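If you're wondering where the values come from, they're calculated on a predicted model, not measured in any experiment. FYI, the numbering just counts along the sequence from 1.
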Amino acid sequence: QVQLVESGGGLVQAGGSLRLSCSASGRTFSIYSLGWFRQAPGKEREFVATISVRGDSTYYVDSRKGRFTISRDNAKNTVYLQMNSLKPEDTAVYYCAARMGYGLKIRQNDYNYWGQGTQVTVSS
C-alpha cells in the first residue's frame, strides 16, 4: 500500500505559479503510476495530469497542457505538479492519486490510493 500527502497549495494571484508536491510512504513508490486530479467548488473531481511509473511518459488534459507540468522523483517518493500562468478557474482542491501498474489512466476509478488534497486558490 501507499499513503499520499499533498502540500504546496495556497493563495496566488492570477498569472502566478505554484508547485504542488505529493509525498508517498511505502517502499514501492516506484511501481505506481501517479496522477493529479482537482475538484472545484460545486463541481465533480476531474483529471489534470498523469505520469508513468518511470516518469518517461505523461498525459495532460488539453486545457492544461503547456501550463501544468507533472514530474516525479522516485528516489524521494514524491510527485510534483508545477502550475504556471494560473487562472481563477484553476481554483480547486488538488488531489494526487496512485495506481499500481503501467499505462497512463485518466479515470478516477483506475486509481487505488488518494491523498487528502491541498487547496489552491487563484485570485483575479
**Q** Looking only at atom types and distance, does a side-chain atom of Ser25 sit under 3.5 Å from a main-chain N or O of Val2, one as donor and one as acceptor?
**A** no

**Q** Measure up the Phe37 and Trp114 rings against each other and bin them: parallel (under 30°), tilted (30 to 60°), perpendicular (over 60°).
**A** tilted

**Q** So, taking the atom named CG in Leu86 and the one named OG in Ser17, what distance separates them when rounded to the nearest 0.5 Å?
**A**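 Those atoms lie 6.0 Å apart.
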
**Q** For the CG atom of Leu11 and the OG atom of Ser123, what is their distance to the nearest 0.5 Å?
**A**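 With rounding to 0.5 Å, CG (Leu11) is 5.0 Å from OG (Ser123).
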
**Q** Output yes when a side-chain donor or acceptor of Ser85 lies under 3.5 Å from a complementary backbone atom of Gly15, and no otherwise.
**A** no

**Q** Is the backbone N or O of Ser52 less than 3.5 Å from a side-chain atom of Tyr59, with the two atoms forming a donor-acceptor pair by type?
**A**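 Checked: no pair found.
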
**Q** When rounded to the nearest 0.5 angstrom, what distance separates CZ in Phe68 from CG in Leu20?
**A**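 Going from CZ on Phe68 over to CG on Leu20, the span is 8.5 Å.
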
**Q** Would you name the heavy atoms of Ala49 and Leu81 that are closest together and state the gap between them?
**A** CB-CD1, 4.4 Å

**Q** Between Tyr95 and Arg45, is there a cation-pi geometry (under 6.0 Å to ring centre, at most 45° from the normal)?
**A** yes

**Q** Any donor-acceptor pair under 3.5 Å linking the side chain of Glu6 with the backbone of Gln116?
**A** yes

**Q** Can you name the nearest heavy-atom pair linking Asp90 to Arg67, along with the distance?
**A** OD2-NH1, 2.8 Å

**Q** So, Thr50 side chain and Leu34 main chain: donor-acceptor pair closer than 3.5 Å or not?
**A** yes

**Q** Looking at Thr121, Val120, Thr118, which hits side chain to side chain contact (heavy atoms under 4.5 Å, CB included) with Leu18?
**A**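 Of Thr121, Val120, Thr118, side chain to side chain contact (heavy atoms under 4.5 Å, CB included) with Leu18 is met by Val120 alone.
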
**Q** Supply the atom-to-atom distance Glu44 CD to Arg38 CZ, rounded to the nearest 0.5 angstrom.
**A**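 Result: 14.0 Å between the selected atoms.
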
